[in-house]
Student: 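First the structure, then my questions, so here it is.
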Amino acid sequence: MGLFEPDTNIYRDRDILREDYQPEKIVGRDEELQQYISALQPVINGDQPSNIFLYGKAGVGKTACTGYLLSELQSDAEEHDVDITTIRTNCEDLSTSYQVAIQLINELRSSEEHVTTGYSKRQIYEMLWEELDKVGSTVIIVLDEVDHINDDSILYQIPRARANGNLTEAKVGIIGISNDFKFREGLSSKVQSSLCEKELQFPAYEAAELRDILRQRADIAFHDGVVPDAVIAKCAAYGAKDAGDARQSLDLLMETGDIGVEHQAEQLTEAHVDEARDSLEKSRVVEGVNGLTHQGQLVLYALLILNEEGKTPTRARDVQPQYEMVCERAAVDPLVPRRMRDHLGELAMLGIASRTERNKGEAGGRYYEYSLDTSPELLLEALEETVDIVGKTESIQKRFGDQLS
DNA sequence: AATCCACAGGAAAGTATGGACA
DNA sequence: TGTCCATACTTTCCTGTGGATT
């Protein structure tokens, strides 16, 4: 027997459950697909493509539908002798138009000619027009998570490039995908009218639709009879609970599968789902904490201590002294209150903390109350995993330990 | 309806850091 | 190497805000 043996596998193909898997059929989005198809119609006629703006919460099939339709479009276009190039970019880590432009150039260029930062904005745009014109045909640019771009310069430039004479050959259309409803309103009206020519809204999945999706995937991802309906229903309920989020459900199903494999189970059970949910929760917290800046972690630490002392919910004003003490022990200069509030707000955004607005009128004005929204043990564990905080705040940990006992 | 509290959160400017290029 | 250009994070200064109180 070798050191490595395949697991007693309940999976037929685990990759089916991964986020990047492109299903062959889209379930439960018939109406949206229909609208999407009509928005893309000009492309197949060889006309200038419309700009399309998709919005809807995370995990409601925006990206999946786009991927599906673009590959259909590509093959249909070949039949009709239309030349189409699609570029897909996720703007998740791109916070400026500048970075997006670089990303697009690099998508179009071969890897030896990749550019990085250092050029002026103008030069970068020149390069982009040059590359787009070199392609010369219809180009569809998909900008996933456009709301991560903090300035709308590129969203303004691309649709106008042709009119401004920067592009002569290429016909460029943008498909913007966002899960931030407010993003559209934040755009300048010029960008709004051009980017949002066609607007599609994706509603959250109903629990029943989620069950259909999970069943569809489970049937190909797992062997027959591995996933009972109760497990599907439980995973679907998890995703439907707050957001109608298929990705959440699929992640949970995959984690459940992995736990089933660990337990060498032949069939998944609801208990596996519970375990998987806890495990996902934990990694969410750990990732959230690791993603914080050092200062953010210190603020969290202060909040954590206040929580253990039973002083939560608490307002920013009361976190400040505790936070300054943490900083002192960590031998770090404390931030100014304004900045610390931002960090608290960020913790709330990440779902690590929660905040409630309070207003006592003349006797207290408007303020937020913060409290921890995650188990303190889990947070402490996560904070310990970030090495640099532990060394510097050893004394605080002792203090914290004393308070626990 | 006017007042006012006390913080929320936007804007601008500063600091530190790092890549490209000549 | 110094200059130019970019980003991330921060500080400083400021106006905006909602509801209890008058």
Side-chain angles (χ1 to χ4, degrees), chain A residues 89-106 109-128 130-131 145-155 157 180-183 185-188 287-303 306 311-324 326-328 330-350 352-371 386 388-389 392:
Chain A
T89 297
N90 192 316
C91 307
E92 197 182 356
D93 301 320
L94 309 171
S95 58
T96 60
S97 290
Y98 183 83
Q99 292 174 343
V100 174
I102 287 176
Q103 179 75 25
L104 292 175
I105 292 166
N106 288 342
R109 286 190 174 175
S110 59
S111 56
E112 307 91 68
E113 294 178 300
H114 275 191
V115 285
T116 47
T117 54
Y119 294 99
S120 74
K121 207 171 203 164
R122 186 100 314 272
Q123 285 172 298
I124 289 290
Y125 276 132
E126 287 302 328
M127 287 185 214
L128 180 58
E130 200 180 298
E131 291 300 326
E145 315 205 30
V146 259
D147 47 299
H148 283 73
I149 310 172
N150 290 322
D151 64 293
D152 49 17
S153 148
I154 197 161
L155 302 178
Q157 294 289 342
D180 182 358
F181 290 88
K182 280 173 287 180
F183 174 70
E185 290 154 32
L187 293 171
S188 70
E287 265 170 42
V289 170
N290 286 341
L292 294 173
T293 57
H294 190 208
Q295 286 290 356
Q297 292 171 347
L298 293 177
V299 172
L300 176 58
Y301 222 112
L303 192 61
L306 287 172
K311 289 180 185 161
T312 49
T314 180
R315 54 204 294 183
R317 185 168 67 177
D318 299 327
V319 177
Q320 190 74 27
Q322 182 65 61
Y323 158 74
E324 278 167 11
V326 169
C327 283
E328 196 189 319
V332 169
D333 287 337
L335 296 177
V336 96
R338 168 75 184 83
R339 187 62 196 134
M340 199 209 63
R341 284 209 315 265
D342 280 346
H343 280 299
L344 278 176
E346 199 178 330
L347 292 178
M349 281 256 289
L350 288 169
I352 293 172
S354 64
R355 67 181 186 184
T356 337
E357 194 178 310
R358 295 254 162 210
N359 197 324
K360 295 197 172 149
E362 230 173 11
R366 194 166 74 95
Y367 59 91
Y368 283 139
E369 268 186 348
Y370 295 87
S371 47
T386 60
D388 65 330
I389 196 172
K392 286 178 188 166

Student: Has the side chain of Glu357(A) got a donor or acceptor atom that lies under 3.5 Å from a matching backbone atom of Arg366(A)?
Tutor: no

Student: Taking all atoms of both residues into account, what is the closest heavy-atom pair of Leu347(A) and Leu303(A), and its distance?
Tutor: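 What the structure gives for the nearest pair is CD1-CD2, 4.4 Å.
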
Student: Roughly how many Å is it from OH in Tyr370(A) to C1' in dG9(B), rounded to a whole number?
Tutor: 10 Å

Student: Tell me which one of Gln322(A), Arg317(A), Glu324(A) satisfies side chain to side chain donor-acceptor pair (under 3.5 Å) with Gln320(A).
Tutor: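 Considering Gln322(A), Arg317(A), Glu324(A), a side chain to side chain donor-acceptor pair (under 3.5 Å) with Gln320(A) is found only for Glu324(A).
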
Student: Within a reach of under 6.0 Å around CD of Glu126(A), are more than 12 heavy atoms found that belong to other residues, nucleotides or ligands?
Tutor: yes

Student: Taking only residues two or more places apart in sequence or in another chain, which ones pass salt bridge (Lys or Arg N to Asp or Glu O under 4.0 Å) with Lys311(A)?
Tutor: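 So Lys311(A) forms a salt bridge (Lys or Arg N to Asp or Glu O under 4.0 Å) with Glu309(A).
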
Student: Touch check for Arg355(A), heavy atoms < 4.0 angstrom, all strands: base, sugar-phosphate only, or nothing?
Tutor: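 Sugar-phosphate contact only - Arg355(A) comes under 4.0 Å of backbone atoms but never of a base.
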
Student: Write down the atom of Arg341(A), the atom of Tyr370(A), and the distance for their closest heavy-atom approach.
Tutor: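 Taking Arg341(A) first and Tyr370(A) second, the nearest heavy atoms are O-OH, 4.2 Å.
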
Student: Between Arg341(A) and dG9(B), is there a side-chain N or O to OP1/OP2 distance below 4.0 Å?
Tutor: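 Checking dG9(B) against Arg341(A), no side-chain N or O comes under 4.0 Å of OP1 or OP2.
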
Student: Can you tell me how far P of dA8(C) sits from CG of Asp342(A), to the nearest Å?
Tutor: 15 Å

Student: If a protein heavy atom is under 4.0 Å from the base, mark B; if only from the sugar-phosphate, S; if neither, -; do that for nucleotides 17-22 of chain C going 5' to 3'.
Tutor: BBBBB-

Student: Calculate the interatomic distance between Arg317(A) atom CZ and dC7(B) atom P; express it in whole Å.
Tutor: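 To the nearest whole Å, that distance equals 4 Å.
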
Student: Send over the distance from Leu298(A) CG to dT10(C) C1', rounded to a whole Å.
Tutor: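 Spelled out: CG on Leu298(A) to C1' on dT10(C) is 15 Å.
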
Student: Please determine whether a side-chain nitrogen or oxygen atom of His343(A) lies at a distance below 4.0 Å from atom OP1 or OP2 of dC9(C).
Tutor: no

Student: Measure CE/Met340(A) against P/dT10(C) and give the value in whole Å, please.
Tutor: 13 Å

Student: Counting only side-chain nitrogens and oxygens, does Arg339(A) get under 4.0 Å of the OP1 or OP2 atom of dT10(C)?
Tutor: yes

Student: Give the rounded distance in Å between these two atoms: CG of Leu292(A) and P of dT10(C).
Tutor: 11 Å

Student: Hey, does the side chain of Tyr98(A) reach the backbone of Ile124(A) with a donor-acceptor pair shorter than 3.5 angstrom?
Tutor: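 Looks like no, no N/O pair under 3.5 Å.
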
Student: Over how many whole Å does the gap from Arg338(A) atom CZ to dC9(C) atom C1' extend?
Tutor: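 After rounding, the reported distance stands at 13 Å.
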
Student: Can you tell me the distance, in whole Å, between the CG atom of Asn106(A) and the P atom of dA20(B)?
Tutor: 11 Å

